[in-house]
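Heads up, the thing below is written out as structure tokens.
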Protein chains: 2
Amino acid sequence: MFKEIEQKKIYLQILEQIKDNIIEGNLKSGDRLPSERQWAEQLGVSRATIREAVRALEMIGLVRCQQGEGNFIAVDYEDTLTQPLTIMFWLSKAKISQIQELRRALETESAKLAAKHMTPERYEKIEKICRAIETETDESIRAELDKRFHYEIAIASENIMIKNVLLSSASLIEALIKDIRIAILDDPHRGPLIDQQHHIILQAFQNHDPLKAAMAMSQHMDLIDDFVSQLEPDD
Amino acid sequence: MFKEIEQKKIYLQILEQIKDNIIEGNLKSGDRLPSERQWAEQLGVSRATIREAVRALEMIGLVRCQQGEGNFIAVDYEDTLTQPLTIMFWLSKAKISQIQELRRALETESAKLAAKHMTPERYEKIEKICRAIETETDESIRAELDKRFHYEIAIASENIMIKNVLLSSASLIEALIKDIRIAILDDPHRGPLIDQQHHIILQAFQNHDPLKAAMAMSQHMDLIDDFVSQLEPDD
DNA sequence: ACAGGTTGGTGGTCAGACCACTGACCAATA
DNA sequence: TATTGGTCAGTGGTCTGACCACCAACCTGT
């Protein structure tokens with residue numbers, strides 16, 4: 001008979017407005033938001049309310065706050081999920097191996113899509129990184145290159161959702177196991193094997209063979225699985 | 001020589017405290033937080049600051065705020081990612097097919113892990129849902145059962161990270177395409193095919209065959225892929 | 001031309017106030 | 001007695017106005 005009257009919290013309304021403005025193109029990465037005082041006046045709300053909205057937006061990585069300078073739309077949304085994912089990890093008392101399984105799922109799908117959409121330019125870029133890994137001797141640089149290898153594949157997947165979730169989970173793992181890449185790359189048993197696996201993945205890319213790329217990446221992930229389960233035995 | 005002095009924003013310090021308290025077991029799902037006034041006094045900060053922290057926590061689904069009642073730790077963290085994922089989707093102007101690809105990656109891995117860890121009790125539960133789907137005629141109930149089918153598999157995967165990301169992306173898709181399940185299930189061509197696919201998945205579970213489960217689920221996802229790409233043609 | 005301080009604007013925090021809402025208690029009523 | 005409706009204390013939601021720390025840009029005297 002009577003409709004329920006529902007008053008959305010103001011900060012959610014502000015979020016809506018920002019979303020709409022971004023979709024319409026009025027607001028884009030790096031843009032500066034109105035100053036809090038000015039904005040509050042425009043919207044007819046108090047500064048405290050604006051600040052609550054800004055705080056919520058900052059939490060999910062959409063807004064970057066710089067004291068004395070202003071509030072800005074984030075330059076990229078890659079880290080939008082890192083914070084929430086980290087929280088979720090702690091709260092649900094998950095184990096590192098579970099994130100690794102998550103990463104495996106995304107990494108293989110990412111490789112699959114990358115093989116599907118691979119372009120000569122991107123292939124060359126990734127292959128160059130691969131070659132650099134083989135010749136580099138400094139372990140921390142090798143680790144950095146390995147990171148870029150996966151990063152470029154994620155880009156080449158042309159799926160921004162997978163890319164972002166993948167990067168977030170990867171950085172969560174790295175935050176939990178400091179220098180995990182170095183530890184894995186540096187093992188003399190694994191080193192050559194990794195280079196070989198990289199080559200198989202590359203080859204799958206070159207042949208636009210999604211299935212083979214996925215399988216190769218999955219085997220590549222096995223290495224990391226082993227490493228993780230080794231330092232985090234099953235209960 | 002000298003370390004940079006960094007004054008973390010207060011709301012981040014509060015987040016840290018909550019995290020620690022949860023990890024130590026002092027704070028658990030559904031628990032009530034101190035009232036804002038009381039809490040502010042305890043921590044020696046103003047209520048506005050407390051509120052900014054609460055707002056940030058609410059945004060990522062960790063805290064539920066009920067006017068006149070109090071602030072509570074969320075009963076589950078399943079929705080921790082839904083909001084950020086939704087924002088990310090809008091901001092990066094992603095396409096629905098990209099979320100679907102994300103979901104595919106997680107759904108197949110979820111099935112794989114579920115087959116690995118399947119117990120008789122869980123199998124029975126899932127099989128029961130499957131049978132109910134076949135006999136049910138009301139399409140909206142069928143859709144609800146289908147949702148539970150996937151939900152139980154996610155639970156059976158025993159990977160809470162994958163489960164939560166999966167559920168978030170699934171609910172994002174459903175938010176974007178209202179009644180997508182009904183639309184897919186209701187197609188007379190697809191109906192029997194779906195039941196058949198469910199059976200294959202079940203069988204893989206029964207045989208503890210991760211690979212087969214993953215493949216079956218992947219084929220199951222093909223159906224949804226088709227549906228999505230049909231109403232969202234490539235650019 | 002330049003090193004110095006000044007100044008206006010920004011976000012960060014605070015204190016105190018009022019409103020809307022909830023739940024529990026209690027009195028009046030049928 | 002059982003139900004209704006009011007009261008009240010406590011909660012989150014919002015507002016106001018103030019002060020601080022910080023930054024960038026503009027002076028200003030050398």
Side-chain angles (χ1 to χ4, degrees), chain A residues 1-18 21 27-75 79-80 83, chain B residues 2-18 21 27-75 79 83:
Chain A
M1 180 72 78
F2 290 98
K3 267 192 191 171
E4 189 174 343
I5 293 174
E6 187 181 349
Q7 171 95 13
K8 255 193 185 175
K9 278 187 207 164
I10 295 184
Y11 89 92
L12 287 177
Q13 298 181 37
I14 296 180
L15 172 56
E16 279 297 314
Q17 286 200 26
I18 288 199
N21 272 292
L27 225 47
K28 58 183 192 302
S29 284
D31 279 2
R32 183 177 161 177
L33 295 171
S35 85
E36 295 180 353
R37 291 166 178 83
Q38 189 183 334
W39 204 7
E41 196 178 357
Q42 274 182 32
L43 301 188
V45 300
S46 79
R47 195 180 152 213
T49 303
I50 292 287
R51 281 185 61 78
E52 291 194 18
V54 170
R55 201 56 57 238
L57 298 175
E58 186 188 26
M59 188 54 151
I60 59 174
L62 171 54
V63 163
R64 185 176 55 83
C65 302
Q66 197 66 40
Q67 183 171 355
E69 213 172 336
N71 297 327
F72 304 82
I73 302 284
V75 286
D79 283 333
T80 306
Q83 187 75 316
Chain B
F2 290 98
K3 266 194 192 172
E4 188 175 345
I5 293 178
E6 186 180 349
Q7 171 92 13
K8 260 193 185 175
K9 280 187 204 164
I10 294 184
Y11 88 93
L12 287 177
Q13 297 181 37
I14 296 180
L15 171 57
E16 280 295 316
Q17 286 199 27
I18 288 199
N21 272 292
L27 226 48
K28 60 180 188 306
S29 284
D31 278 3
R32 183 173 161 182
L33 296 172
S35 86
E36 296 179 351
R37 292 168 177 82
Q38 189 182 333
W39 205 7
E41 195 177 357
Q42 273 183 32
L43 302 189
V45 301
S46 79
R47 194 180 155 214
T49 302
I50 292 286
R51 282 185 60 76
E52 291 194 21
V54 170
R55 202 56 56 239
L57 299 176
E58 187 188 25
M59 187 55 148
I60 58 174
L62 171 54
V63 163
R64 184 177 57 83
C65 302
Q66 197 66 41
Q67 184 172 356
E69 213 172 336
N71 297 327
F72 304 82
I73 302 285
V75 286
D79 283 333
Q83 187 74 310

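For clarity, every value in this text was computed on a predicted model and none was experimentally measured. Order of the sequence lines fixes the chain letters, A, B, ..., with proteins taken first and strands second; residue numbering starts at 1 for each chain.
B:R64 comes within 4.0 angstrom of no nucleic acid atom, judged by non-hydrogen atoms across all strands. Looking at heavy-atom distances under 4.0 Å, A:V45 makes contact with sugar-phosphate atoms alone, never a base.
Side chain of B:E36, nearest nucleotide from D:dG13, C:dT13, D:dT16: D:dG13. Listed candidates were D:dA21, C:dT13, D:dC23. Nearest to the side chain of A:Q67 is D:dA21. Comparing atom distances between the A:S46 side chain and each of D:dT14, C:dG11, C:dC14 picks out D:dT14 as nearest. Closest contact between the side chain of B:S35 and the listed nucleotides D:dA24, D:dG12, C:dG11 involves D:dG12. Between C:dC14, D:dC15, D:dG12, one nucleotide has an atom nearer to the side chain of B:I10 than all others, and that is C:dC14. For B:E52, the listed nucleotide lying nearest its side chain is C:dT13; candidates were C:dG11, C:dT13, D:dT14. For B:R32, whose side chain is taken as the heavy atoms from C-beta onward, the closest listed nucleotide among D:dC15, D:dT11, C:dG11 is D:dT11. Closest to the side chain of A:Q38, from the set C:dT10, C:dG12, D:dT16, is C:dT10.
Residue whose closest nucleotide on DNA chain D sits further toward the 5' end, between A:G68 and B:R51: B:R51.
A salt bridge does not link A:R64 to A:E58: none of the charged side-chain nitrogens sits closer than 4.0 Å to a carboxylate oxygen.
Distances shown here put every side-chain N or O of A:R37 at or beyond 4.0 Å from the OP1 or OP2 atom of C:dG9.
Within the 3.5 Å criterion, the main-chain N or O of A:Q17 finds a donor-acceptor partner in the side chain of A:N21.
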